[in-house]
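Quantities reported herein were computed from a predicted structural model and do not represent experimental measurements.
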Amino acid sequence: MDDARKYNHPARGTQAWQRIYNERSSVERVNAYLKDAYQLNATRFYKADHANAFYRLIQLAYNARTYANQRLAERKNRKEIAV
């Protein structure tokens, strides 16, 4: 009963498992995009602290860009509805 690989929680096929799976797959898509667009596979740092700071800055830039795009789209939708 202690082997997490054999007895996972929640059980595969349940609604809770499906919700977690969907969330995980969306995160993995973002990670794949960041690795491809920002070349995160080729780390240019020898110290883990430098690489970690570099990754955090890229994540911050990505989140800021996504947030700005969402706000602009929301503003555009409001203007279209008002007209």
Check each of Arg65, Arg71, Gln70 against Tyr67 using the side chain to side chain donor-acceptor pair (under 3.5 Å) test, and report the only one that passes. Arg71
Side chain to side chain donor-acceptor pair (under 3.5 Å) between Gln59 and Asn63, intermediate numbers included: CA-CA 6 Å; Gln59 289 173 345; Asn63 289 337; over 6 Å; no
Pick one: which of Asn52, Leu60, Ile58 meets side chain to side chain contact (heavy atoms under 4.5 Å, CB included) with Arg56? Asn52
If every non-hydrogen atom of Ser26 is compared with every non-hydrogen atom of Glu23, which pair is closest and at what distance? OG-O, 2.7 Å
Are Ile20 and Trp17 connected in a single hydrophobic cluster, I mean Ile/Leu/Val/Met/Phe/Trp/Tyr linked by side-chain heavy atoms less than 4.5 Å apart? no
How far does CD of Glu28 sit from OH of Tyr21, to the nearest 0.5 angstrom? 10.0 Å
